[in-house]
K.L.:
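Could you have a look at this structure, given as structure tokens, before my questions?
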Amino acid sequence: MDDVRLLSAQVPGGACPWCAGNLELHTGPDTVPSVTCSTGADCTASVLLDEQGRRVWGWADLVVLVVALAEQVPTT
């Protein structure tokens with residue numbers, strides 16, 4: 001039996017640039033990395049929704065997310 005684990009972690013210091021929701025990184029041994037936004041369909045990011053209704057940045061979309069995070073104005 002295969003013991004494949006999907007790992008998830010909060011993106012440190014990274015609020016969604018489009019809605020300020022919590023961002024979570026998902027990956028695993030046989031899983032392409034992705035990031036989801038906790039706000040869901042109300043988030044205005046131009047990416048698709050996953051099965052749980054969260055905005056999801058897949059492999060091809062991660063560069064756009066990283067650039068948007070880098071351009072955010074610090075709030076502290």
Side-chain angles (χ1 to χ4, degrees):
M1 181 168 84
D2 292 333
D3 185 20
V4 177
R5 296 181 185 171
L6 181 65
L7 305 173
S8 297
Q10 291 284 84
V11 175
C16 177
W18 291 271
C19 71
N22 293 321
L23 295 176
E24 190 168 0
L25 171 67
H26 308 276
T27 192
D30 297 320
T31 305
V32 176
S34 65
V35 174
T36 57
C37 175
S38 63
T39 300
D42 289 335
C43 174
T44 59
S46 60
V47 292
L48 299 176
L49 297 171
D50 68 3
E51 299 82 25
Q52 289 81 34
R54 304 171 296 190
R55 292 287 173 199
V56 60
W57 290 263
W59 184 250
D61 303 311
L62 287 176
V63 171
V64 173
L65 177 60
V66 169
V67 169
L69 287 168
E71 293 176 346
Q72 280 184 318
V73 175
T75 58
T76 57

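Worth knowing before you read on, the calculation uses all heavy atoms, side chains too, and leaves out hydrogens, waters and symmetry mates.
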K.L.:
For the residue pair S34 and V56, what are the closest heavy atoms and their distance?
P.N.:
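Residues S34 and V56, closest heavy atoms: CB-CG2, 4.0 Å.
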K.L.:
Which atom pair, heavy atoms only, marks the closest approach of G40 to L49?
P.N.:
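So the minimum-distance heavy-atom pair works out to C-CD2, 4.2 Å.
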K.L.:
Are V67 and L62 co-members of a hydrophobic cluster defined by side-chain heavy atoms under 4.5 Å apart?
P.N.:
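Not linked; separate clusters.
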K.L.:
Taking all non-hydrogen atoms of both residues, which atom of T39 and which atom of G21 are closest, and how far apart?
P.N.:
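In this case the closest contact between T39 and G21 is OG1-CA, 3.5 Å.
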K.L.:
Would you compute the distance between atom CG of L25 and atom OG of S8 and round it to the nearest 0.5 angstrom?
P.N.:
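Reported to 0.5 Å precision, the distance equals 7.5 Å.
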K.L.:
Quick one: which of R55, H26, E24 gives a side-chain hydrogen bond (donor to acceptor under 3.5 Å, both in side chains) with T36?
P.N.:
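Exactly one candidate clears the test, H26.
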K.L.:
Quick check on the hydrophobic clustering: are V66 and V47 connected, directly or via other members, by side-chain heavy-atom contacts under 4.5 Å?
P.N.:
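Not linked; separate clusters.
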K.L.:
Treat each ILVMFWY residue as a node, draw an edge where side-chain heavy atoms are under 4.5 Å apart, and state whether W18 and V63 are in one component.
P.N.:
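No, W18 does not connect to V63 through the hydrophobic network.
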K.L.:
Transitively linked via ILVMFWY side-chain contacts under 4.5 Å: V32 with V35?
P.N.:
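Yes: a chain of side-chain contacts under 4.5 Å links V32 to V35.
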K.L.:
Kindly give the heavy-atom pair with the smallest separation between L69 and A15, and that separation in Å.
P.N.:
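Nearest heavy atoms, L69 then A15: CD2-O, 3.4 Å.
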K.L.:
Any chance you could measure D50, atom CG, to W57, atom CH2, to the nearest 0.5 Å?
P.N.:
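Answer rounded to 0.5 Å: 10.5 Å.
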K.L.:
Using a cut-off of 6.0 Å, state whether more than 12 heavy atoms not belonging to L7 lie near its atom CG.
P.N.:
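Yes, because the 6.0 Å sphere around CG of L7 holds more than 12 heavy atoms from other groups.
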